[in-house]
Amino acid sequence: MNTYQNLKVNIENGICTITINRPDKMNALNRETVQEIGAAVKEANENKSVSSMIITGEGAKAFAAGADIKEFMGLTKEQGMAMAKAGQDVFQSIEDCPKPVIAAVNGFALGGGCELAMACHLRIASENAKFGQPEVNLGLIPGYGGTQRLIRYVGRSKGLELMMTAEMINAHKALELGLVNYVVPQEELHAKCVGILNEIKTKSPFAVGAAIRAANAYDGVSPNPIYGAKGIGFETELAEFGKCFVSEEIKEGISAFLEKRKPNFN
Ligand code: COA
């Protein structure tokens, strides 16, 4: 396993926990940390003994309080765009990961921290978690995919409000808006994530990856009453549905059902 300057990585029962380890800086995401998160997710995805991942922050205060503001000073337009592109690429690699990735949001998830949580497939928040896109306070906007993902989760109207006002919302509000899946006491956060991942582990890994790929292709197109289902999202669903029939796992899943036993996909 690689060693990282800003992360702690631990694998237990097939679950790789990636912990951002800059607690004295509220786990702020400097460039090196963003690159390391990308490398750690890639490494875990390539490791056959890993079935899923949890991304979290060290300590009880912050998941990640955003990009490292000190690194913004004096950037040119081109340097700003390059920084955003590097972040977007890493966060996209998390969203595209075929193994489930849960954000265990243990405190502040602001700016790039909120964007990181949104790039994960599910978000479980502790009761003290706070979410927000405060970039306009700095004269900036979200640049790691946040303008797009926030709107996907909470809708255009509320998403724009959060981006324009920089309002910080608590975990229960985030749950109400659909930004997080569950809110739990902080001491139960890791166990809740492990419980969900252990449940997913009993399912067909190929089908889980296919569901992620199809969901990621969502393009906002609804079935048309005259022309039927169209658009890249529906086309991807068709292709992924078809691919499931080529996988060995469907044979096990259907046989197990017919034989009235639990499937064994391992
Ligand atoms: N970038 C760089 N450093 C950060 C940071 C960030 N995004 N967020 C926090 N830090 C640093 C602080 O500068 C401070 O460092 P210091 O001890 O060397 O001065 C340390 O983390 C602790 O933060 P502090 O502000 O003292 O803690 P707090 O409990 O009073 O407030 C926050 C916590 C999260 C509300 C506050 O730190 C904050 O607003 N952070 C910036 C959030 C933000 O705008 N994110 C978007 C960036 S694009």
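Order of listing sets the numbers, starting from 1, for every ligand and every atom in it. Quick note: residue numbers are just sequence positions, from 1.
- Considering Gly111, Ala109, Cys114, Ala65 only, the shortest heavy-atom separation from atom 42 (C) of ligand 1 involves Ala65.
- The single protein non-hydrogen atom nearest to atom 14 (C) of ligand 1 is Asp24 O, 4.5 Å, given as residue, atom name and distance.
- No option in Asn10, Ile196, Thr17 other than Thr17 meets the side chain to side chain contact (heavy atoms under 4.5 Å, CB included) test with Ile54.
- The atoms of ligand 1 that sit less than 4.0 Å from any heavy atom of Leu138 are 47 (C), 48 (S).
- A salt bridge does not link Glu235 with Lys230: every distance from a Lys NZ or Arg NE/NH1/NH2 to an Asp or Glu carboxylate oxygen is 4.0 Å or more.
- Note that atom 19 (O) of ligand 1 has no protein non-hydrogen atoms nearby, at separations under 4.0 angstrom.
- In terms of N/O distances under 3.5 Å, ligand 1 is not approached by Lys70.
- A salt bridge does not link Glu115 with Arg149: none of the charged nitrogens is closer than 4.0 Å to a carboxylate oxygen.
- Among residues at least two apart or in separate chains, side-chain hydrogen bond (donor to acceptor under 3.5 Å, both in side chains) pairs with a member in residues 248-258 are Ser204-Glu249, Glu248-Lys251, Glu252-Arg261.
- In this structure, atom 39 (O) of ligand 1 has no protein heavy-atom contact shorter than 4.0 Å.
- Close N/O approach between Glu135 and ligand 1 is not found [any backbone or side-chain N/O within under 3.5 Å].
- Among protein heavy atoms, atom 1 (N) of ligand 1 sits closest to Ile69 N, 3.0 Å.
- Of the protein's non-hydrogen atoms, the one nearest atom 28 (P) of ligand 1 is Met26 CE, 4.1 Å.
- Taking distance alone, with nitrogen or oxygen atoms compared against 3.5 Å, Phe72 stays at or beyond that limit from ligand 1.
- By heavy-atom distance, the residue among Asn137, Asp68, Leu29 lying nearest atom 2 (C) of ligand 1 is Asp68.
- Under 3.5 Å, the side chains of Tyr144 and Gln92 contain no donor-acceptor pair of N or O atoms.
- Counted within 6.0 Å of CG on Asn13, heavy atoms from surrounding residues, nucleotides or ligands total 12 or fewer; the atom is thus considered open.
- With ligand atoms numbered from 1 in the order given, ligand 1 contributes 29 (O) to contacts under 4.0 Å with heavy atoms of Lys61.
- Among all protein heavy atoms, the one lying closest to atom 5 (C) of ligand 1 is Ala28 CB, 4.0 Å.
- For the pair Arg22 and Phe63, the cation-pi criterion (under 6.0 Å, within 45° of the ring axis) is not fulfilled.
- Listed here is the closest heavy atom pair of Cys16 and Ala44: SG-CB, 3.9 Å.
- At least one N or O atom of Ala67 sits closer than 3.5 Å to an N or O atom of ligand 1.
- Within a 4.0 Å radius of atom 30 (O) of ligand 1, the protein has no heavy atom.
- Partners of Thr76 according to the side chain to side chain contact (heavy atoms under 4.5 Å, CB included) rule, which considers only residues two or more places apart in sequence or in another chain, are Glu78, Gln79.
- Seen from the ring of Tyr153, Arg123 counts as a face-on cation partner, given the 6.0 Å and 45° thresholds.
- Ligand-side atoms of ligand 1 in range of Pro134: 43 (C), 44 (O), 45 (N), 46 (C), range being under 4.0 angstrom from any heavy atom.
- Under the 4.0 angstrom criterion, atom 36 (C) of ligand 1 counts as lacking any protein heavy-atom contact.
- In this structure, atom 12 (C) of ligand 1 is not in close contact with the protein, since no protein heavy atom lies within 4.0 Å of it.
- The local environment of CD in Gln5 is sparse, with at most 12 non-hydrogen atoms from other residues, nucleotides or ligands closer than 6.0 Å.
- Side chain of Glu71 to main chain of Arg31: a donor-acceptor pair is present (N/O by atom type, distance under 3.5 Å, no hydrogens or angles).
- At the top of the distance list for atom 33 (C) of ligand 1, counting protein heavy atoms only, stands Phe108 CE1, 3.8 Å.
- Atom 26 (O) of ligand 1 is not flagged as protein-proximal [any protein heavy atom, distance under 4.0 Å].
- There is a protein heavy atom less than 4.0 angstrom from atom 23 (O) of ligand 1.
- In this structure, Lys192 forms a cation-pi arrangement with Tyr182, its terminal cationic atom sitting closer than 6.0 Å to the ring centre and no more than 45° off the ring axis.
- Heavy-atom minimum distance, Val105 versus Ala129: O-CB, 3.6 Å.
- For atom 10 (N) of ligand 1, the closest non-hydrogen atom on the protein side is Lys25 O, 3.8 Å.
- Close approach to Leu110 involves these atoms of ligand 1, each under 4.0 Å from a residue heavy atom: 34 (C), 42 (C).
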